[in-house]
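Structure record follows, encoded as structure tokens.
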Amino acid sequence: DAKFHGSTLSAWDDAIGNSRLRGVVSTYVSNWPDMKTENIGLLIHGCPGVGKTYAAFALANEIMDRHQAVVIAVSSIGLLARIRETFNRQDKEAEIDIIRSLENASLLVLDDLGAEQKTDWATAMLYQIIDSRYRGGKPMIVTTNLPLEQLQNKLTGSDDVSRTYDRLIEMCQPVKVSGQSHRATVAKEKREQLVELLKGELT
């Protein structure tokens with residue numbers, strides 16, 4: 001979305017994502033031809049507010065700019081909502097059009113996986129998306145706030161078979177990100193600014 005159009009390595013702020021994460025993104029981008037050929041992706045996981053989303057979108061922007069690759073970057077909730085919208089359309093974008101575009105992209109960035117509501121439909125749709133990338137030998141970058149065990153449970157269907165997670169973990173190298181939430185820091189700064197403004201109004 002528009003917020004992350006400017007996400008780049010040159011604009012990286014270590015207060016948003018630590019230098020180790022930046023190094024991972026930089027190395028991946030530099031080695032993109034090999035990553036693409038070998039179908040190697042990243043599963044970036046950790047607590048909210050530690051720079052996972054910024055890193056994923058910076059990676060997407062850098063690969064588009066440097067390698068002229070076709071990249072789709074979207075949140076899991078937003079993607080599933082867009083697919084659902086097609087159910088009531090007769091002459092516009094169809095579900096198969098979205099699925100095909102996800103299959104054909106050189107790189108798919110799926111942000112905040114696991115935040116979506118768990119339903120049989122959502123679980124099946126995510127399997128279809130991830131399986132199509134797996135069978136096509138095309139890499140993914142995935143971010144999640146969930147610990148990996150919880151993500152596995154979230155992606156497991158009613159038959160208790162973790163086929164979606166198994167494919168994901170085979171394609172995507174886990175990268176754990178730790179640190180203090182930059183959102184908490186920003187919220188604190190805004191509260192302090194508000195207090196100063198209110199002082200001016202009250203005096």
Side-chain angles (χ1 to χ4, degrees), residues 1-36 38-82 98 101-116 126 129-130 132-134 138-148 150-152 154-155 164-165 167-183 186:
D1 58 35
K3 182 177 180 181
F4 294 101
H5 283 171
S7 299
T8 62
L9 288 174
S10 61
W12 189 283
D13 183 350
D14 284 347
I16 296 176
N18 60 44
S19 57
R20 173 179 171 269
L21 181 57
R22 187 188 190 284
V24 169
V25 171
S26 179
T27 300
Y28 188 94
V29 172
S30 297
N31 292 277
W32 165 245
D34 292 333
M35 301 296 102
K36 181 181 178 182
E38 299 299 326
N39 188 18
I40 299 174
L42 301 175
L43 174 54
I44 306 172
H45 62 104
C47 297
V50 293
K52 301 184 301 297
T53 295
Y54 186 96
F57 280 81
L59 188 153
N61 285 327
E62 296 288 346
I63 287 179
M64 284 190 290
D65 290 343
R66 294 194 206 177
H67 301 283
Q68 286 72 55
V70 176
V71 180
I72 294 178
V74 65
S75 72
S76 62
I77 292 177
L79 177 57
L80 293 176
R82 183 168 176 179
I98 297 177
S101 69
L102 298 175
E103 291 176 356
N104 293 335
S106 298
L107 177 67
L108 173 62
V109 177
L110 197 55
D111 184 44
D112 212 7
L113 183 62
E116 69 285 340
L126 288 171
I129 292 166
I130 292 171
S132 70
R133 302 291 299 181
Y134 177 82
K138 293 187 175 182
M140 296 177 61
I141 305 297
V142 176
T143 74
T144 183
N145 291 328
L146 299 179
L148 296 187
Q150 289 186 27
L151 180 63
Q152 182 178 9
K154 188 71 177 282
L155 295 175
T164 307
Y165 180 81
R167 282 163 171 73
L168 184 65
I169 207 69
E170 181 179 336
M171 290 191 295
C172 300
Q173 176 65 37
V175 177
K176 185 173 183 179
V177 185
S178 58
Q180 183 178 359
S181 170
H182 77 273
R183 296 192 187 106
V186 171

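The analysis underlying the following values was restricted to heavy atoms, covering all of them including side chains, and did not include hydrogens, waters or symmetry mates.
- Taking each heavy atom of Cys172 and Leu42 in turn, the nearest pair found is CB-C, 3.6 Å.
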### Query
Hey, mind stepping through Val177 and Thr143 against side-chain contact (heavy atoms from CB on, under 4.5 Å) and telling me if it holds?
CA-CA 10 Å; Val177 185; Thr143 74; over 6 Å; no
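- Judged by distance alone, with hydrogens and angles left aside, the side-chain atoms of Glu62 form no donor-acceptor pair with the main-chain N or O of Ala60 at under 3.5 Å.
- When side chains are defined from C-beta on, Asp13 does not count as touching Tyr54, because their heavy atoms never get closer than 4.5 Å.
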### Step-by-step side-chain contact (heavy atoms from CB on, under 4.5 Å) determination, Glu116 to Lys154
CA-CA 9 Å; Glu116 69 285 340; Lys154 188 71 177 282; 4.2 Å; yes
### Query
Would Leu113 and Leu155 count as a side-chain contact (heavy atoms from CB on, under 4.5 Å) if you check the C-alpha gap in whole Å, the side-chain angles of each, and the deciding distance to 0.1 Å?
CA-CA 9 Å; Leu113 183 62; Leu155 295 175; 4.2 Å; yes
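- Interatomic distance, CD1 of Ile72 versus CG of Leu79, reported as 8.5 Å (0.5 Å rounding).
- Not a single donor-acceptor pair under 3.5 Å links the side chain of Ser30 to the backbone N or O of Thr27.
- In this structure, Asn104 has no side-chain hydrogen bond (donor to acceptor under 3.5 Å, both in side chains) partners at least two apart in sequence or on a different chain.
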### Task
Walk me through it: do Ile130 and Tyr165 pass the test side-chain contact (heavy atoms from CB on, under 4.5 Å)?
CA-CA 9 Å; Ile130 292 171; Tyr165 180 81; over 6 Å; no
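- Atom CD of residue Gln173 and atom CE of residue Met35 lie 10.5 Å apart, to the nearest 0.5 angstrom.
- To the nearest 0.5 angstrom, Met171 atom CE is 9.0 Å from Leu108 atom CG.
- Two residues are said to be in side-chain contact when any heavy atoms from C-beta on lie closer than 4.5 Å; Leu110 and Met140 meet this criterion.
- Residue Val74 comes nearest to Gly78 through the heavy atom pair CG2-C, 4.4 Å, listed as atom of the first residue, atom of the second, then distance.
- Under the 30°/60° scheme for interplanar angles, the aromatic rings of Trp32 and His67 are found to be tilted.
- Taking the side-chain hydrogen bond (donor to acceptor under 3.5 Å, both in side chains) definition, one finds that Glu170 meets it with Tyr134, sequence neighbours left out.
- Between Arg133 and Pro139, the shortest heavy-atom contact is NH2-O, 2.7 Å.
- In this structure, Trp12 and Leu21 have side chains that are in contact, with non-hydrogen atoms separated by less than 4.5 Å.
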### Task
Could you walk me through whether Asn61 and Ser7 pass side chain to side chain donor-acceptor pair (under 3.5 Å), step by step?
CA-CA 7 Å; Asn61 285 327; Ser7 299; 4.8 Å; no
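- Across Lys176 and Arg20, no two heavy atoms sit closer than the pair O-NH1, 3.0 Å.
- Side-chain contact between Pro174 and Ile169: present, with at least one pair of heavy atoms (C-beta onward) separated by less than 4.5 Å.
- The one candidate from Asn145, Val142, Leu168 that meets the side chain to side chain contact (heavy atoms under 4.5 Å, CB included) condition with Leu151 is Leu168.
- In this structure, Tyr28 and Ile40 approach most closely via the heavy-atom pair OH-O, 2.6 Å.
- Considering all non-hydrogen atoms of both residues, Ser106 and Ala69 come closest at CB-CB, 4.1 Å.
- The backbone N or O of Asp112 lies less than 3.5 Å from no partner atom in the side chain of Lys52, so there is not a single donor-acceptor pair.
- Counting heavy atoms from C-beta outward, Arg22 and Leu9 have side chains that approach closer than 4.5 Å.
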